[in-house]
Structure formats: C-alpha cells, structure tokens
Amino acid sequence: MPTTEVLLDTVGEPDEASLKAAELAEQTPTPPAAIAVLVGDRRYSSEGDTTGDMLVELLSEFGFTVDAVVHVNSSEAEIRKAIETGVVGGVDLVLTVGGTGVGPRDTAPEATKAVIDKNVPGVAQAVRSSGQACGAVDACTSRGVCGVSGSTVVVNLAASRQAIRDGVSTIAPLVQHLIGELNTYSVQA
C-alpha cells in the first residue's frame, strides 16, 4: 500500500488538505497487475511480431497494468516456471498465449494445471464459446484452462490474433470478478 505524507502546520496539527489527499490515496484502488507469457519455439521471435504489444494494449484497455511480456519455449517446465514467477511476484493475472492445441509441443494446459490450486472451468468454457461465435477456430478447439494459484488468476489463450482479441475481451470482466473475490475474502483459522 502506498505511503502518504501528511504535512503538519506550524502548531503540529495535520493540514486538512493533506488529510484529504491521504484519505483519497488510501481509497484509490491500484489497477490489477498482469504478466503475459508468450509460448512458442519460434513464433514470437520473428522480427516484426507485435503480439506482445497487442496484449499490452488490450489488457491496458481493460484496466490492467502489464508488468512484463515473457517469451518462453514450448517446454512444460519453462511455461510452469514463468507462471510461478508471476504468482510469486504477486501479480493478479498470468495470461499465457499459445501452446493450447493438440500438437506434441502444446503443453500450456498441463503446465498450468501443475501450478493452480483451484480450477475455474467456467472461464475457459466462456473463452471457447466466444471463440466459436467469433470464428476463432483455435480458440474454440483450445484445451486452455483457467484457475487460481494463491491469489493469482491464471488463464490460457490460443495464439491467433483473433483468439487473443476475443479472449481478452471475454476474460477481462470474469478475471476482474475473480480478483475481487480473492482480494475481498480471507480464510479464518
């Protein structure tokens, strides 16, 4: 939580304007933080690929601050490590893109399942349904999953530009809801 400096007047009393500013700073919610993990052996390394920029723009439009865009090979261990880095780093959302098909190197769902504590199948189903409606074949045939690891939401999206655009617009309100639940409720021992 940000610290706010309260100015004192000459008598040692807090200045009213400073108190109001401090109160407003405490009430202003910080935007949710996200990282994007681009999964592919060669796909995102080509010169001129703008997938990362597109993700930052789309997530920003929905109120997310994107802390990083990470490129990893299609290795289950590398994908898992990238997701775990986001979870340990305290981001609200880890969004993986790619690796959700049925090919031998498509391992994003397996890596995600190894990290999540709770499965949230409705989000993944919404992505597939919306993908089908917009004609993003790779989105509707995706094996992508969604779940929660600690207090981080993890979502897999298919890699086509259409699947990414539709997927981000589909998940944004759902993930915002999940983040709200994670930040509101706590477990009493």
May I ask you to decide if [Y]'s main-chain N or O and [X]'s side chain share a donor-acceptor pair within less than 3.5 Å?
| X | Y | result |
| --- | --- | --- |
| Ser130 | Val127 | no |
| Thr65 | Ala33 | no |
| Arg143 | Asp106 | yes |
| Asp166 | Gln162 | no |
| Glu78 | Asn73 | yes |
| Thr152 | Val91 | yes |
| Ser160 | Ala163 | yes |

Do [X] and [Y] have side chains that approach each other closer than 4.5 Å (heavy atoms only, starting at C-beta)?
| X | Y | value |
| --- | --- | --- |
| Thr85 | Val88 | no |
| Val69 | His71 | yes |
| Met54 | Leu58 | yes |
| His177 | Val123 | no |
| Val72 | Val37 | yes |
| Val97 | Leu55 | yes |
| Val153 | Leu182 | yes |

[X] [atom1] to [Y] [atom2] distance, which is reported to the nearest 0.5 Å:
| X | Y | atom1 | atom2 | value |
| --- | --- | --- | --- | --- |
| Gln176 | Leu178 | CD | CG | 10.0 Å |
| Thr100 | Asn156 | OG1 | CG | 7.0 Å |
| Ile171 | Leu59 | CD1 | CG | 6.5 Å |

When you look at Val175 and Val155, which way does the side chain to side chain contact (heavy atoms under 4.5 Å, CB included) test go after all the steps? CA-CA 9 Å; Val175 168; Val155 181; 4.1 Å; yes
Using a cut-off of 6.0 Å, state whether more than 12 heavy atoms not belonging to Gln132 lie near its atom CD. no
